[in-house]
Structure formats: structure tokens, C-alpha cells
There are 2 protein chains.
Amino acid sequence: MDQSIYSSYPPPLDPAQEQFLVTTVKDWTIHNGLTVRPSPASLPAGADEKGVLATNAPVTLFPSLFPKSCFEEATALQKAYNELYANITCDTAWLEKVMEELIDVDDFISSLWKVHLAVQKEGYVQPLSLGLYRSDYMVHVPPNATAPSIKQVEFNTISSSFGGLSSLVTAMHTELLSFPPGQPISYPQHPLLDGRLPPENTAVPTLAAGLAAAHEAYGPSKSTPSLPLCVLFVVQDGERNLFDQLALSSQLTRFHKIPVFRLVTSEILNQTSIPSSNPSRPLLYTPPFSPSTPFEVTTVYLRSFYTPSDYKSERDWDARLQLERSAAIKCPTVLNQLAGCKKIQQVLAEPSGPDNLSRFLPRTEPSMISNLRGTFAPQYDLSANGRGRELALNPETAVKHVLKPQREGGGNNIYKADIPEFLRSIPETDWKRWVLMEMIQPPPTAKNVVLRSDGQVLSGHVIGELGVFGTILWKDNGDIIHNEQGGWLMRTKGKESNEGGVAAGFSSLDSVILI
Amino acid sequence: MDQSIYSSYPPPLDPAQEQFLVTTVKDWTIHNGLTVRPSPASLPAGADEKGVLATNAPVTLFPSLFPKSCFEEATALQKAYNELYANITCDTAWLEKVMEELIDVDDFISSLWKVHLAVQKEGYVQPLSLGLYRSDYMVHVPPNATAPSIKQVEFNTISSSFGGLSSLVTAMHTELLSFPPGQPISYPQHPLLDGRLPPENTAVPTLAAGLAAAHEAYGPSKSTPSLPLCVLFVVQDGERNLFDQLALSSQLTRFHKIPVFRLVTSEILNQTSIPSSNPSRPLLYTPPFSPSTPFEVTTVYLRSFYTPSDYKSERDWDARLQLERSAAIKCPTVLNQLAGCKKIQQVLAEPSGPDNLSRFLPRTEPSMISNLRGTFAPQYDLSANGRGRELALNPETAVKHVLKPQREGGGNNIYKADIPEFLRSIPETDWKRWVLMEMIQPPPTAKNVVLRSDGQVLSGHVIGELGVFGTILWKDNGDIIHNEQGGWLMRTKGKESNEGGVAAGFSSLDSVILI
């Protein structure tokens, strides 16, 4: 592929064009709920004491270019990826073996494992698990490559976010590209914008359908007398990204007619309970605003509890245990959350390791296995005498790598030349917590213009990351009840920034024009 | 009707119930675009320099009670009201006669009239006019009344607002009343909330269909070579209520596939023109962000120019003249705007005046005429030796009245005992600017709870005002091309406040439960 296509895109904006686009985007986002609560740091003290203000999510003004073949491959792989992570989660013994070392050194992983052990000892009562996943990729175009390929950045098994807002960005870019009807002029003329639109984005119906499938599969109330059933969204206190979550709960309520309640983690033990007299362990939710009408929870959807800071005390671990030991279907279970550790991705991707893909996908075509494997960038642990340690400590090879911690959520990667020095600064026993990954080489001249949540407009070179959503409902014996792919997320960050959390600065929600 | 129904509604909220409703409404409004830009006065200096913040429109937590018979009568009258104001507008001679006195004393009305005269002299080139109207009523329940009736507060012929946001409030209350599906518990139990929902609110499709009908009726481009056609929303600089307007423009663009542009009044003369060489006087709009693609404007929808402060200089009057003399269909024309003066309403309602209703609605059933007349509260001018002057100056009768200025927009009414003193404080020659109206007596014990845009929650006694939307497209010979009723607005204000502008304090968007 000719990389020069990136350097002539997007078309430059004169001041009147930029003003029109920025004004239109500012208004469109609020009109359509493509919003976040403003960061308290961005407001003067006392500006929003009652918590009513909102602002646009950070978005790009233009859709970004993305190779069509890469987009199609990423979406085509998702159902196999769903199944892979379901099957890994079913194999507790294998998971334990991989986790063993980490459990020793990582308090967070150790605490999660203890939740699993406690429930295992008592006996799990819910054989079904639900995954709402997002597999993140970057386009890889090393010098002299004949064609772009995709490399997986990470696979998210918990709190996979931005399905709601991403669908809205797709809709916004689609409207801009089509406005006004019959004579589009929102953007300056450019051959790549002439008649092209982003592909359909079905993230909201797909993810909601996954939750609805779990709700349905739960079956009748296990309480006597039977109780009305509901889905519970477990969320962080002070969540700023709640409008992304509301897109899913609205779809569940409006389309699927399923009751959904939001519950902050600190209230789990106050507002839920498991009757000790009922061996089925139904999870009961009693709305504080309607204490006489308890509900039985079919499905617990975690948009919290994915990162250590979500556990402020032992009480939060008790709350997690309460959810885990209940009969509610968890999205995800503790084991499925642990299957999303970087360590698992590294073991799968270890160039010289055993063929774990074929092991976990015994019924999958070899060509699909090979395609999955093709999305792995080489990854290594840092064990003594291993290839990873060698590559990480040698400054010449370190510069081609990134060092990633095990955990979800991003934010602590060590890059390139910083790696050897960083490793020498920490005890060697802690090296187990890290995975070394070969750097992916995205198109170097990609550009875009971003409207941040504080109204700043920034433009420059960017790196894009495509997330593909999938959802799977399975039984602990490996039976798959529901397995779907649908919807995607394009996140675009400034090249100055190395991290990808959209909420944290110059990183924005985007859509794609396929090229 | 038993008025005690109002005193037991709405059900009281305990703290957990109030917290649930307030949180849900804060999030619902932002998620669904039931929003306004925050008032600069409500934010610390520098809190929103880039103009990105939004907040909830002021809304009630509960739908208000409204007599079903009154609601049905108000909607049943609207098409006759549409026709009445279209026919008044066609009768320029009659209009001039009624306006004559005001033209002498009121600069604003005089300036509007001059715009008409200038275009009349040159000759109008567009025989079609579009009205997007809202007829506002209060429920009237004087002591000893056997049944409630409706009395018209005013009839709006220009910039009739809140169709967009009102539909959203209806949707929000409907969702709250239905949540969760199958087992509604958002509100405390109350017999009047059991299974009832607000009536359908079709304001957005109805108003947009009116604009679309005008766009269609305009016919082909009058330019050579022909130009693409568009609708122009003429708006105020710094409009905080723009999301109400975007509901209509989105419907026009998404459903009717009609190009819509927004233009602030100060840019009309920069961005529109009428080619002097074209006797058809097409109004051309050149988007500043795409100067090579001019559009021809079929329909000018005014959400500005309705109040004197919208005319900051002669240049703004020149801009209004440019729109008026063009071939674009105006919503409304200057004459139709003038037909909305309080003076016209007073002449129609004058108890001892000529039968203007029958004059202007010659083909309307007498029963309908009688129903229209039934919505008039007695209204009087203050001419020498007239009944109005007598009622206004006598303290005993003044207390049953309100003194209203001629103009749209509200904000300057004089109430009851204040009237005699006020009149004596101004020159008698200015009395022509005022209309005396008998006070409407709404249900005295109605209550509601309001979430303001700054997050304050207020509760107390309220007065509700029902607006009914209608739209009419007619030709200057009286032919009617399109005449529809659809959608409504419930506004609720605290009883402490006497004025009804939702944007200005404790006055909120609401919906209704019919009783």
C-alpha cells in the first residue's frame, strides 16, 4: 500500500471551515448524548457543585483512514477470539498454572484469585458466564511491508468501554459527510471523502443483545415467592463516562424491555444480598427508593472493579465476593477477568511457546488459527535466561519494544530506550509483573484534528487503535449459547502521547473511512 | 370537578426517592439532548471560555395533572386558530386599522410596519406564508365552577419555541412512569400514576413537516443556473436554547432530507444576498465555509427578530427587510408577526366588539366559532371612557386583572393591585401600549417538584400553561395549502413567579397526566 495516502489527509481547514466543523460538533455532541461529565480539574472550584454539567466527549473532526482489508480481518476474527477467551476461562487448571507466578508478586491478581478460590471451595452455583469483549488492534506497516496488517494491542475481558459513544461518533461523522443531503459540504473537498461513509457501527445493539441473552438464559426466578428479574450495572462512584453506559442500559430498557439498575460499588453490600436460606444463592437487589420491591439479579455487568483503585478497602473485596458467589451471571467472572491479563496474551503470543491456540480452539479451522496468530506481535516474559530478558536489557533491541504491566486499564507502559534503565531500577523479583512486546509500527504520517472536552482544538500526527466488540455467553462445560461480533471503536491519540485512554487527555473517539 | 385531586398530588418523596429521581433526570436529560447551554451568570468567570458546556433544561420531576376535557378542547381548536391567524394576516387593511394607534406610540411595531410598507411599495414576490404557531392556555377554575375550562394566555405567531424540548420531557416522564418495564417504581405509588402515561407529543414531526411543506411548495430554483435549495434558521447570537431548535433541524435533515443552515442575525447581510438582476428576488445563502456552493433559500424560519433587543442597529432592520422582500417563504412574515400582537388578541376578545371571529372564519361551523370565543378571557383596551380604563383604575376591579404590553416574549406584565398606580405613573398617551385582561384562575393547590438548570431542586405550588402547536401554509389569496395540529408544551412555574419564560428562573418544562 502506498503510504503517501496518509500524508495528504485530512484536507486542511481554513478558519471558516474549522469554525463550522467545531461549532457543529460542539452542538451535535450535546444534542445526541455524545457526552462526558467534565473533569473537575477543568472547571473552577464550585462551578458544578450539583453535578449537572456535561461536555462533548473528545472527538476527532474527521474520520481517520483505515485499510479495508485490516478492518475486515479484525471483524472476521472476533467470534474466534470470543471463543478462545471463553475456553481459556473454562480451563481453570491451565489458568492457575499461568497465573501462579503472578499471584506471588501481584497483590491485585492475588486478591482476585482468592475470590475465585473462595467461591470454588463453596462451589459455583452459576454455570453460565458472559463476556462483552473488545479486541484492540493497530495497523502495522513496517518499512518495506507490501501490505498493512493488524497487530493486537490488547484483549479486554472486563469493562470494555466506548461501545455507546463510538456508535455516536460514527453517526456524527456519517452525518457530517452527508450534510447537507444531496450536496455535502461540511468538509473541504477531498477524493477520499467523496461519497464514502464509515461502515455501520452496531456496538450498542450487539452489546445489549449479549446482556439480554444472559438475562434470558438465567431462567425463572430462583426465589420463593419468585421475584421480578433485572440486570445490574455495577459502576464507579463519580463515573464521568456514564453516557457511554447509558447507551447500553437504554437499549436494554427501551428495546429489550429489561429492567436495569445502576449500583455503585460502595453500595453493593448495602443494596444487594444473598438469602442464606436459599442454596441457589440468588442475588437480590433492593432499590433504596423502593424498598418494598426487591428484584433478583440475572446478570451483573461490571463497569467497575477492573482496576486496583476500584477496591478501596476489604469491604469492596467482600462486595466482589458477594457478586461472584451469587447465582447472577457475571460479565465477567473473576476467572474471565484474569484471562484478560497481559500475561495470558503473552503466553498465547510467545513465538517459541506451545500451540495454545489450537489447544483452546480444537474445532476451529487451521486457517483461522493462523490468522489469529498473525495478529500477535511477538511478546515475551522476562524470565531468567529467556529471550525477553535479553531483548529488554540490550539497548539496541529494547528500542523496538514496549514493556507493559499485567493489568487492564493502561497508563503505565515503559517505552523503548527507557526499558533497560527502568528494569534495573526495580527488584528483579518484580520483573514477573511485566511483559515485553515488540512495538507495532503504525502509518507514520497519519493526521487528524481533535476537539477536546475542554473545547481546545488540536491537530497533528496521530496513531489510531481499532477496537472490535464481541459478546459471548457460555457454560462452564464449554457449550456456547450466544457468540456474536458487532460494532467497533476507533480511538485516535496524538503522537506526543504514548497512552490510549480517551478520558486522559489528547486521545479521542474517532471513526473510520476504509481505504 | 373536585379540586381536591390537586392537593394530594404529586406523592411526597423521601430522600432516597428524590435522589433517585434527580439523578435519573440529570443523566436522562444529557443522554437525550434535553439540554440548554448554561447561563453565564450561573458559572464562575472563565468556566466555559470555549462554549462547550451544557446542562439539563429546567424540568419537573413529575408530569402535572391536566383536565382531559381541556386538553382535548385545546388540541381540537388549533386548526381553526391556525386559519384565523392566516386570514387576519391576509387582510392587510383590517390589520393596518387595528395597528394604527400602536404604530404611533410603539417604535418596535412602527419599525416592523415600515418593513411591510417598504416591501409593499416594491411589491411582494412570495405569495406563500408559513406559520409555526403555539396557542397557550391556562386551566380556569373560578370558585363554584362546575367544570374547568381553558382560557388563552397568548397566541404566538413567531419563534414559537420548546417543541423540541417539550417532546423530550414527554418522553422522559413516559419512561419514568414505565421504569422498569413491567414493574414501574420510579415514582412512589399514587392512584393517578398507576398505569397512566402522558399523551403522545408529536411537536417535532409536526413542526418539521410544516417547514418541509413550505420548502416543497417553494418550487424549483428561481436562479439561473438553478441552485440547490435550503431552509434557513435565523437565530440569535449566543442562543442558549439551541437544542430545542436542533430537534427541528435534525428532523428536517434526517427525515425530510432537506438542507438546513443556521444563521445568526448579525451575519444575514454578510451571508445572504438577492441578485439585483433577478426580478424574482431569490434569497441566496453562501456558506462561509463553502463559498463556492451558494444555496437558494426556500424558507426562512425566524427564531430571532421577535423582540426589540434582536435589533441592535439599523443594520438589523436592513437584514429583516432583506429577508422580507426576498422570494423565500417567511415563517413568519412581518404581517403575520404583527397579527400576534396582544392588541389583536384583545380586539378579538373584546366582549362588546364586532364579531371578528365570524368575519375571519366564514367557512367555520358556528359551534367551533363559539368554542374559540370561549377560550378568550375578557380583554380591553384603555381608551378614554372605555370599560377597560374603568376596570383598570378602580382598585376593586383592578385586582381581578393583569395589564399586558403588546409585545411577544413576556416579562413586563403588571398585576392586580399594582395596575392603577402603574398607569398613573406613565403618560396617558402611552396607555395604548397596554391591554387589560381578566385574570385566569388556575387550580390553586397544584404542586410539583422542579430540577433547575443549576441543579437546585425546588418544590411548591405551581401554575401550569399548556401550549398547543400548529402549523399552516397559506397563499395571500386565502388558499390554505397545509394546516395541521400536532404536539404540545406544558410549562410549569412557581406561584411566587408571575412570568412564564422557562429560560428565566423557576419555570420549567413539564408534561401532563390527563385527569
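What you see is a predicted model; the values in this text were computed from it and never measured. Convention: sequence-line order gives letters A, B, ...; per-chain numbering from 1.
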Item to complete: Measure distances from B:Leu43 to the heavy atoms of chain A and classify the residue's part below 4.5 Å as side chain, backbone, both or neither.
Response: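 Contact with chain A: side chain only.
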Worksheet item: Would a 4.5 Å heavy-atom cut-off, applied to side chains only, mark A:Pro287 and B:Ile185 as touching?
Response: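 Result yes, sub-4.5 Å side-chain heavy-atom pair found.
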Item to complete: Using a 4.5 Å cut-off on heavy atoms from C-beta on, say whether the side chain of A:Gln245 contacts that of B:Asp27.
Response: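 B:Asp27 vs A:Gln245: side chains apart.
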Worksheet item: Picking from B:His31, B:Glu49, B:Gln19, B:Gln17, which has the most non-hydrogen pairs under 4.5 angstrom with chain A?
Response: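 With the most close heavy-atom pairs to chain A, the winner is B:His31.
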Examine whether an atom of [X] lies under 4.5 Å from a heavy atom of chain B, and if so say whether it belongs to the side chain, the backbone or both; otherwise answer neither.
{"X": "A:Thr29", "answer": "neither"}
{"X": "A:Pro15", "answer": "neither"}
{"X": "A:Asp14", "answer": "neither"}
{"X": "A:Leu246", "answer": "both"}
{"X": "A:Asp454", "answer": "backbone"}

Worksheet item: Take atom CD in A:Glu239; do more than 12 heavy atoms of anything else shown fall under 6.0 Å from it?
Response: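 It does: A:Glu239 CD has more than 12 such atoms within range.
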Worksheet item: Is atom CD of A:Gln271 surrounded by more than 12 heavy atoms (other residues, nucleotides or ligands) closer than 6.0 Å?
Response: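 More than 12 within 6.0 Å, yes.
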Practice prompt. Using heavy atoms and a sub-4.5 Å threshold, report which of residues 253-263 of chain A line up against chain B, by residue number.
Written response: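 Residues of residues 253-263 of chain A touching chain B at under 4.5 Å: A:Thr253, A:Arg254, A:Lys257, A:Ile258, A:Pro259, A:Val260, A:Phe261.
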Worksheet entry | Residue-level contacts of residues 168-180 of chain A with chain B, using a heavy-atom cutoff under 4.5 Å |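 Those residues of residues 168-180 of chain A which have a heavy atom under 4.5 Å from chain B are A:Glu175, A:Phe179, A:Pro180.
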Nearest-0.5 Å distance, [atom1] of residue [X] to [atom2] of residue [Y]:
{"X": "A:Ser250", "Y": "B:Trp28", "atom1": "OG", "atom2": "CH2", "value": "8.5 Å"}
{"X": "B:Leu53", "Y": "A:Ile30", "atom1": "CG", "atom2": "CD1", "value": "8.0 Å"}
{"X": "A:Phe20", "Y": "B:Ser290", "atom1": "CZ", "atom2": "OG", "value": "9.5 Å"}

Indicate the atoms forming the closest heavy-atom contact of [X] with [Y], along with that distance.
{"X": "A:Val52", "Y": "B:Gly455", "result": "CG1-CA, 3.5 Å"}
{"X": "B:Gln183", "Y": "A:Phe295", "result": "CG-CZ, 3.6 Å"}
{"X": "B:Pro44", "Y": "A:Ala45", "result": "CG-O, 4.2 Å"}

Worksheet item: Would a distance-only check, ignoring hydrogens and angles, find a side-chain to backbone donor-acceptor pair under 3.5 Å from B:Lys26 to A:Lys50?
Response: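 Yes: the side chain of B:Lys26 pairs with the backbone of A:Lys50.
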Worksheet item: Among A:Ala247, A:Pro291, A:Ser292, who wins on heavy-atom pairs under 4.5 Å with chain B?
Response: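 Of A:Ala247, A:Pro291, A:Ser292, A:Ala247 has the most heavy-atom pairs under 4.5 Å with chain B.
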Item to complete: Mind ranking A:Gln456, A:Arg37, A:Gln189 by heavy-atom pairs under 4.5 Å with chain B and telling me who comes out on top?
Response: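 Maximum pair count with chain B is reached by A:Arg37.
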